[in-house]
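Written below as structure tokens is the structure these notes are about.
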Amino acid sequence: MSSDQPSAHFEGTGATPLAGVGTVRWYEPGRDLSLGEPPAESETDTATEMERFETAREQARTELETERERTAEAIGEEEAAVFDAHKQFVDDPQIVESVEEAIDGGLPAEYAVGEAFEDPIAQFEGMDGRMSERADDLRDVRDRLLRLLTSGERVDLAELPAGTILLAERLTPSETAQLDPDRVAGFATVVGGRTSHAAIFARSLGIPAVVGVGDALETIEEGATVLVDGEAGTVTVDPTDAQREQAATSRDVEIREQPVATADGKEIEVAANVGTLAEVEAAVQQGADGVGLFRTEYLFLERDSPPTEDEQFETYRDALAAFPDGRVVVRTLDIGGDKQVPYLDLPEEENPFLGERGIRRSLGPDSDLFESQLRALLRAGAAEDGRLSVMFPMVATVPELEAALEMVESVAAELEREGIEYELPELGVMIETPSAVFLAEAFAERVDFLSIGTNDLTQYVMAADRENERVATLHEPTEPAVLRAIARTVEAGHAGNAWVGMCGEMAGNPAYTELLVGLGLDEFSMSAVTIPAVKEQITAIETDDAEALADRILEETTVDAVREHLEN
Ligand code: PEP
Ligand code: MG
């Protein structure tokens, strides 16, 4: 139905700059988990209840692991990290202890879980800003355990009919991650803010979304036709023809196969982060100009021994063939930290993120692997038309960089002696440590490009583990200190005639595109799914305005002030 006037209109917070029209499906996952009065203590067998609780925890861990993998694949590593946090909650000693105490006191496991989560949820709810969103995570974990304990059915959000507008009181990270952008035309929630996981995931998935509409949303009936406008932050029941038309044009972000430029003509390379050849294919389909980060450690995982030089050669050659006109930046092995490879027998370290990872291993215990990888790369560079670039991860000192560059030279000399065809690639270094930021001038004098890895750079600048949800609010790339590190790197890189790109997750968030263009980045590399939105964003930017925005933001000293500029 459509008419000249919509029948109702609601306002909330727009989460994705997209709009969609569809048919309302209310999502009420039986979260009204009031269990009634518990049975009498004499009817409960403590040992059985303890076992039921243990089994539910085990199943929860398995589910979380699957959902984590699916999210990492469909959305990205950063978003998938929330499931690690959920696993931490499943094993949180305090929570586990209070559940066990409640079971000991005679409660069945599901009642004990309900009770044990009450206080921690209330505590987080009482906190400010993003900490309060942790309450959502706790509810998600509690509801998962309750469902597993009460054999509750799971609503399959991945199988909603095409053209669904999903309305819910709230959506947890695991629920949002299941949504299929081809089926869900949009969603709106009663509660939630721009930085809630639901909003973040919606952006990554490219689903129109409005959050925090308030209780008024509940007046919308199942089956109604609704327009969700994530740009305006509005939800409209029975939208007019004109409103629907506008939504239809903004729903699909155009895939631009050609390189894009800002409105005033500055060309910006938009490339993809990949770990496999399948991802290279997805990158081509989303209109990537090339690959900005090939995480080669993925070629070493899920197997019993390292790939041979020839196997690697073929993979790199195929990646180059996929982008005959583009650049393919391959990062040498970044093993260690959170990336463990069982057959390499990595040492147990107190602080793996501060330990032997990346170039430290390549110049140390993994030097043979480093050498064979470089041989494969130099050979692949000669085999195809595409432009190969090679960069080194986790470099903290000039001697490390020089040793890596010397290794490239010596591998080239060896191939020369053996009469094997090779080509020297463009060479670069990742800026992931504070030390690299301070040495960026010296690095830029020695290489062709710098690529800022904001995932690690943020973790090391802010001293906030990228894996630890408890300090997730500090692992924030728009923190003024991180932005200053980025600005400094770009300046130093350009002074040394190196081009400067960014391949951390920050580069794939269209909300930051204008700021990053203003800071002077030449290249952005991101998960393939976000490429169309970032390309679109770039075409609308005037570099003068972007630079002025960056200047204003660089004067700010708090993340909230930065956020305010970005939201305006
Ligand atoms: C980074 O640290 O930002 C990066 C791109 O590398 P990874 O996420 O693979 O550590
Ligand atoms: Mg990194």
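Ligands are counted one by one from 1 in listed order, and the atoms in each one are counted from 1 as well. Sequence positions, counted from 1, serve as the residue numbers for this chain.
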- Closest non-hydrogen contact found for Gly275 with Phe294 is O-CE2, 3.6 Å

- Message: Looking only at the side chains, is there a donor atom on one of Asn273 and Ser527 sitting less than 3.5 Å from an acceptor on the other?
- Response: no

- Are any of the side-chain nitrogens in Glu254 or Arg256 under 4.0 Å away from the carboxylate oxygens of its partner? yes

- Non-hydrogen atoms of Phe370 and Ile359 that approach each other most closely: CZ-CD1, 4.1 Å

- Anything protein N/O/S under 2.8 Å from the Mg ion (ligand 2)? Just list residue and atom, please. Glu432 OE2, Asp456 OD2

- Task: With Arg379 as the cation and Tyr422 as the aromatic partner, state whether NZ or CZ is under 6.0 Å from the six-membered ring centre and within 45° of the axis.
- Result: no

- Message: Testing the 3.5 Å rule here: is there a donor-acceptor pair between the side chains of Gln373 and Thr296?
- Response: yes

- Query: Looking only at side chains, do His86 and Asp137 share a donor and an acceptor under 3.5 Å apart?
  - Reply: yes

Could you give the N/O to N/O pairs under 3.5 Å linking ligand 1 and the protein, each with its distance?
| from | atom 1 | to | atom 2 | distance (Å) |
| --- | --- | --- | --- | --- |
| ligand 1 | 2 (O) | Glu432 | OE2 | 3.1 |
| ligand 1 | 2 (O) | Asp456 | N | 3.0 |
| ligand 1 | 2 (O) | Asp456 | OD2 | 3.0 |
| ligand 1 | 3 (O) | Gly453 | O | 3.3 |
| ligand 1 | 3 (O) | Thr454 | N | 3.1 |
| ligand 1 | 3 (O) | Asn455 | N | 2.7 |
| ligand 1 | 3 (O) | Asn455 | ND2 | 3.3 |
| ligand 1 | 6 (O) | Arg331 | NH1 | 3.0 |
| ligand 1 | 8 (O) | Arg295 | NH2 | 2.8 |
| ligand 1 | 8 (O) | Asn455 | ND2 | 2.9 |
| ligand 1 | 8 (O) | Arg466 | NH2 | 2.8 |
| ligand 1 | 9 (O) | Arg295 | NE | 2.7 |
| ligand 1 | 9 (O) | Arg295 | NH2 | 3.4 |
| ligand 1 | 9 (O) | Arg331 | NH1 | 3.2 |
| ligand 1 | 9 (O) | Arg331 | NH2 | 2.9 |
| ligand 1 | 9 (O) | Lys339 | NZ | 2.9 |
| ligand 1 | 10 (O) | Lys339 | NZ | 3.3 |
| ligand 1 | 10 (O) | Asp456 | OD2 | 3.0 |
| ligand 1 | 10 (O) | Arg466 | NH1 | 2.9 |

- Query: Where is the tightest heavy-atom contact between Leu333 and Pro393, given as atom of each residue plus distance?
  - Reply: O-CG, 3.5 Å

- Query: Is the closest side-chain donor-acceptor distance between Gln537 and Thr513 under 3.5 Å?
  - Reply: no

